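These notes concern the structure reproduced below.
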Amino acid sequence: MMKYVIAIIVCIGAVTCIDPLVLTKNGLVRGVESEDSKIDSFLGIPYAKVDVQNPFSATLNVEIFEGIYNATDDSVICPQKDDLEQTIVGTLDCLRINVYVPQGASSTNLFPVMVWIHGGGFRRWNSNRSTYGPDFLVTKGVILVTFNYRLGPYGFMSLNRSNIPGNAGLRDQLKALEWIKENIAAFNGDKNNITLFGESAGAASVEFHILSGHSKGLFHKAIMQSGTVLCDWVMNDPDTQAPIKLAKYLGLNTEDIDNALKYISKFDPHDVNKATIDIGYEESFKPIVEYEFENVYTMINDKPSNLLKKMFISIPIIIGFNSKEQQRNINYYLQSPDYIESAKKTFKAKIDNYFQLGEDELETAEKLVRYFYIGSEDMKTTVNAMIEFDSDFTFVYPSLRHSRYYTQVNSAPVFLYMFDYAGQRNYMKNRMNLTMEPGAMHADEIGYLFDQSFYTQPDSVMDRIIIERMTSMWTDFAKTSNPTPTATKVPFSWHPSATEPKFDYAVLSDRVQMAQHPFYQRMAFWDTFFVTYGKKTRW
Ligand SMILES: *[C@@H]1O[C@H](CO)[C@@H](O)[C@H](O)[C@H]1NC(C)=O
Ligand SMILES: *[C@@H]1O[C@H](CO)[C@@H](O)[C@H](O)[C@H]1NC(C)=O
Ligand SMILES: *[C@@H]1O[C@H](CO)[C@@H](O)[C@H](O)[C@H]1NC(C)=O
Ligand SMILES: *[C@@H]1O[C@H](CO)[C@@H](O)[C@H](O)[C@H]1NC(C)=O
Ligand SMILES: *[C@@H]1O[C@H](CO)[C@@H](O)[C@H](O)[C@H]1NC(C)=O
């Protein structure tokens with residue numbers, strides 16, 4: 001049995017002495033010990049509370065637990081649409097955190113802490129073990145923490161008024177970070193050795209905490225997997241009419257925001273989420289640039305591209321992307337009936353969403369991109385080019401543009417990577433049944449960092465090697481700020497990107513090696529594109 005300071009005291013005379021017990025600031029929590037005694041899991045601890053009067057805004061503190069809180073259930077998730085089942089699931093009482101403590105951690109041997117922020121486009125997903133299982137990481141001597149935050153309308157409604165300023169989901173995350181700082185020592189974690197990491201919207205979230213200025217001291221290193229605040233899908237303009245439209249759909253015709261809000265606040269979150277989807281509003285609830293109100297702190301008070309120039313925290317960073325990010329959209333591109341027309345639309349929509357251009361400028365920009373990626377070829381030979389465009393615009397170029405900012409303003413090292421392994425645990429490929437496609441798609445690396453519960457066949461030898469390498473690099477970075485310290489068994493030395501970027505990056509595949517300038521022709525195109533249009537980004 002693992003030793004927590006409180007457990008020893010409470011155990012005297014207690015019947016359930018074998019359960020791991022930890023005293024948090026809100027009272028005692030009881031976890032579960034794994035069968036082999038190697039991991040203590042504390043599941044679903046409430047870290048904050050949604051205000052039922054105003055579920056779209058900042059969170060409240062949780063009350064002191066009555067008696068011992070049984071932290072044994074991580075099935076609670078925030079309201080959202082379930083992709084696979086096409087139903088609405090989740091409850092508002094969802095601000096829960098999971099802590100996984102491996103054998104060996106003790107009050108005299110505090111372990112480094114890795115805090116995961118899940119992805120899902122700010123509207124989907126959750127933190128539970130079936131996707132983010134702890135075993136691979138924690139057996140390498142770190143404590144893993146995962147948590148839920150509000151999504152969709154509840155996390156990202158923004159009305160440009162002080163009672164709903166926006167970014168509530170990010171405020172939830174900040175609460176979780178504060179909870180960890182205050183409580184992790186009781187779990188034998190080192191509160192001065194915290195790495196924040198995340199994927200996709202989770203990675204962009206990690207970065208918002210670097211840039212917000214509120215998180216100083218709450219974490220010390222960061223890993224951003226396939227997502228940065230410079231990605232085109234991260235931000236939106238606030239839609240202050242959202243409550244009125246939702247209320248109307250749900251049966252109340254009003255032009256008064258307060259009435260509308262009061263009305264929809266009382267509805268079952270399932271109905272509100274369904275309404276959001278039915279009126280085509282799913283994508284509109286995103287992080288926004290906040291207006292500053294008296295007595296309300298801001299999470300994001302300027303365009304991300306501006307925030308990056310005046311970065312508040314200098315910390316070691318790993319940032320990267322996957323080799324075939326948007327290969328996941330292959331069926332979408334294959335199915336487009338009139339290829340040139342739909343390609344034009346795709347280019348135009350993407351550019352228009354990220355850049356503020358006049359009509360003529362937009363035409364010119366679209367043509368530039370189209371000529372570069374597809375010329376005037378026939379669809380079948382160029383579906384690949386569409387995927388390259390989509391990957392570059394959506395993930396790859398933002399990551400490079402971003403690491404260029406960082407190497408200029410961040411005095412700490414920046415490690416860049418491209419994950420390119422295709423095995424049996426590529427998460428997205430398996431999920432989308434695209435296992436025959438080459439390379440690594442968006443989210444594919446997650447299966448090599450987390451012990452996901454849904455694989456039925458045994459891992460191949462190569463899969464095991466990739467898991468070993470990925471988790472070594474990630475946990476060594478958490479421990480030493482260096483993914484490949486001298487003692488590493490990973491067969492290469494991953495050195496940081498230089499100030500004058502040659503974009504030194506690690507290729508993480510069945511071979512690991514350093515390379516320079518990923519996709520250099522495509523990236524050179526975007527560099528040129530940004531010389532002309534870079535000052536006109538919306539965010
Ligand atoms: C917590 O778990 C213990 C042991 O299984 C049980 O006796 C107790 O009733 C549970 N408490 C609550 C509040 O469910
Ligand atoms: C994780 O969440 C899903 C809901 O998306 C639930 O069905 C499943 O039981 C949860 N897994 C665990 C291990 O609690
Ligand atoms: C938000 O409100 C402020 C003050 O009421 C106003 O100056 C600002 O233009 C508004 N912003 C948006 C995006 O509506
Ligand atoms: C996955 O694709 C294969 C081959 O196209 C097909 O036979 C199979 O039914 C698909 N499985 C699912 C779950 O869609
Ligand atoms: C973080 O933890 C590792 C492993 O325990 C240790 O070697 C390192 O010195 C710690 N770093 C800091 C800043 O405390």
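Just so it is clear, the model here is predicted, and its values are computed rather than measured. Counting starts at 1 for both ligands and their atoms, in listed order.
- Among Gly141, Ser481, Pro112, the residue whose heavy atom sits closest to atom 5 (O) of ligand 5 is Pro112.
- Of all protein heavy atoms, the one lying nearest to atom 13 (C) of ligand 5 is Asn192 O, 4.1 Å.
- Within a 4.0 Å radius of atom 11 (N) of ligand 3, the protein has at least one heavy atom.
- Salt bridge absent: Glu468 and Lys489 never bring a charged side-chain N and a carboxylate O closer than 4.0 Å.
- Checked against a 6.0 Å centroid threshold, the rings of Tyr149 and His118 count as neighbours.
- Atom NZ of Lys350 is surrounded by more than 12 heavy atoms from other residues, nucleotides or ligands within 6.0 Å.
- Here the heavy atom of the protein found nearest to atom 7 (O) of ligand 5 is Lys479 O, 4.2 Å.
- With Glu290 contributing its side chain and Met299 its backbone, the two residues share a donor-acceptor pair below 3.5 Å.
- Atom 14 (O) of ligand 3 has as its closest protein heavy atom Asn160 ND2, 3.2 Å.
- With respect to atom 2 (O) of ligand 5, the closest heavy atom belonging to the protein is Asn193 ND2, 2.2 Å.
- Counted within 6.0 Å of NZ on Lys262, heavy atoms from surrounding residues, nucleotides or ligands total 12 or fewer; the atom is thus considered open.
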Could you check Asn128 against Ser130 for side chain to side chain donor-acceptor pair (under 3.5 Å), going step by step and ending with a plain yes or no? CA-CA 6 Å; Asn128 84 19; Ser130 55; 2.7 Å; yes
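- Taking atom 6 (C) of ligand 3 as the reference point, the nearest protein heavy-atom neighbour is Tyr291 CE1, 4.0 Å.
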